[in-house]
Enquirer: 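Take this structure, written in structure tokens, and hold onto it; I'll ask about it next.
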Amino acid sequence: MSLGKRIFQILVLVAFLFSGGMFLWQALLSNPHLLPLARLNQPLPVFSAPSLFKPDQKITEQAFKGRATLLNIFATWCMPCQLEQPVLMDIHQHYSIPIMGVLYKDQPENGLQWLKQRGNPYVAVMLDPEGKLGMDLGVYGTPETYLIDQNGIIRYRHIGTLSMDDWQREFVPLIEQGSHTK
Amino acid sequence: MKKRVFIFLPLFFISVSYSEAKYVFNTPQQQQQFQTMTQELRCLVCQNESIADSQAPLAQDLKQQVYQMIVAGKTEAEIKLYMQARYGDFILFKPPVQKNTWILWALPFLLLGIAAIILIKIIFSSQRPIDRVSSRKF
């Protein structure tokens with residue numbers, strides 16, 4: 001066998017092992033529980049949900065037009081949501097972005113009691129007792145926090161408890177970027 | 001002693017019959033469609049289970065949604081599209097052939113083709129000396 005052919009064979013083998021190794025490495029590093037958002041860069045789905053604070057009023061996707069908004073999916077039965085609540089209070093106190101809540105698969109009275117005890121970071125809370133709105137958004141693990149831009153387009157989603165670090169690292173640059181392009 | 005074990009056998013079917021009892025269908029075809037579809041949709045919470053097998057609340061909700069859509073006369077494609085629009089391709093156990101998945105589908109055939117080429121090469125290269133010997137004899 002000629003030397004050239006031998007070198008070619010070795011190169012093919014190395015390329016094969018390298019691509020296999022990269023594939024394996026990437027698979028090991030990625031967290032399978034963080035799923036990509038199907039609705040990323042798409043408008044919010046059309047919905048109409050009753051308001052927790054004004055039960056006779058409905059909130060629709062139109063309420064998200066005009067300025068960037070945070071959309072937070074929470075429930076009083078959700079332990080990570082309890083950990084997240086002080087962080088939302090912090091954001092509410094130190095940043096001007098409005099936070100909308102979705103009370104996911106929970107009773108209104110539980111929600112009201114929770115906000116009374118722990119403080120209310122939300123400008124409005126939508127009720128989703130059967131999780132239909134959650135399903136339309138693609139919610140699969142509470143809490144989830146979405147960034148909606150001023151045109152009502154979903155720009156980002158954070159899954160699980162939001163920490164102040166996550167907020168600074170993931171959300172703040174996106175919001176600043178969005179306000180420049182307005 | 002062994003027979004006594006079988007007394008407990010019906011216990012294994014209780015949960016199954018209970019969970020299926022919620023869903024009443026108009027036709028056996030709808031029931032069939034429901035069973036196949038819930039097997040093909042992935043539970044996003046316990047990711048190696050289908051929504052048919054999973055007891056996670058979200059899986060129950062998705063099952064309920066599939067049920068409602070089937071009874072409303074939606075086709076399999078429509079239901080899959082509904083789920084994909086919300087939860088992405090990940091919800092389908094069988095990923096569609098598209099730009100980012102074609103290699104997944106093509107790779108086994110590609111490797112089979114390469115293996116076949118190597119095999120043919122080996123067979124032909126080892127036959128040549130035998131041919132030479134036999135041609136000398138006759």
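To find a chain, count down the sequence lines: A is the first, B the second, and so on, and within it residues start at 1.
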Enquirer: Examine whether an atom of A/Phe23 lies under 4.5 Å from a heavy atom of chain B, and if so say whether it belongs to the side chain, the backbone or both; otherwise answer neither.
Expert: neither
Enquirer: Output the option from A/Gly131, A/Gly141, A/Ala38 having the highest count of non-hydrogen pairs under 4.5 Å with chain B.
Expert: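 Looking at each of A/Gly131, A/Gly141, A/Ala38 in turn, A/Ala38 comes out on top.
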Enquirer: For B/Leu44 and A/Leu35, which heavy atoms make the closest approach, and how far apart are they?
Expert: CD2-CD1, 3.2 Å
Enquirer: Taking atom CZ as the centre, does B/Phe93 end up with more than 12 heavy-atom neighbours from other residues, nucleotides or ligands that are less than 6.0 angstrom away?
Expert: yes
Enquirer: Are A/Met135 and A/Leu40 linked, directly or through intermediate hydrophobic residues, by side-chain heavy-atom contacts shorter than 4.5 Å (ILVMFWY only)?
Expert: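 Linked, A/Leu40 and A/Met135 end up in one cluster.
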Enquirer: At a 4.5 Å cut-off on heavy atoms, which part of B/Leu62 comes close to chain A: side chain, backbone, both, or neither?
Expert: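 Contact with chain A is through both the backbone and side chain of B/Leu62.
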Enquirer: With a 4.5 angstrom heavy-atom cut-off, which part of B/Gln64 approaches chain A: side chain, backbone, both or neither?
Expert: neither
Enquirer: Taking atom NZ of A/Lys65 as the centre, report whether more than 12 heavy atoms of other residues, nucleotides or ligands fall under 6.0 Å from it.
Expert: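 Atom NZ in A/Lys65 is packed in, count exceeds 12.
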Enquirer: What part of A/Glu130 gets closer than 4.5 Å to chain B, counting heavy atoms only: side chain, backbone, both or neither?
Expert: backbone
Enquirer: Test of understanding: clusters of I, L, V, M, F, W, Y form through side-chain heavy atoms closer than 4.5 Å, transitively. Do A/Leu133 and A/Ile153 belong to the same one?
Expert: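 The answer is no; the residues belong to distinct hydrophobic clusters.
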Enquirer: Looking at A/Gln113, I want to see if its CD is surrounded by more than 12 non-hydrogen atoms of other residues, nucleotides or ligands under 6.0 Å.
Expert: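 No - once you tally the heavy atoms of other residues, nucleotides and ligands closer than 6.0 Å, there are 12 at most.
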Enquirer: Any sub-3.5 Å donor-acceptor pair from B/Tyr87's side-chain atoms to A/Leu137's backbone N or O?
Expert: no
Enquirer: Using a cut-off of 6.0 Å, state whether more than 12 heavy atoms not belonging to A/Glu109 lie near its atom CD.
Expert: yes
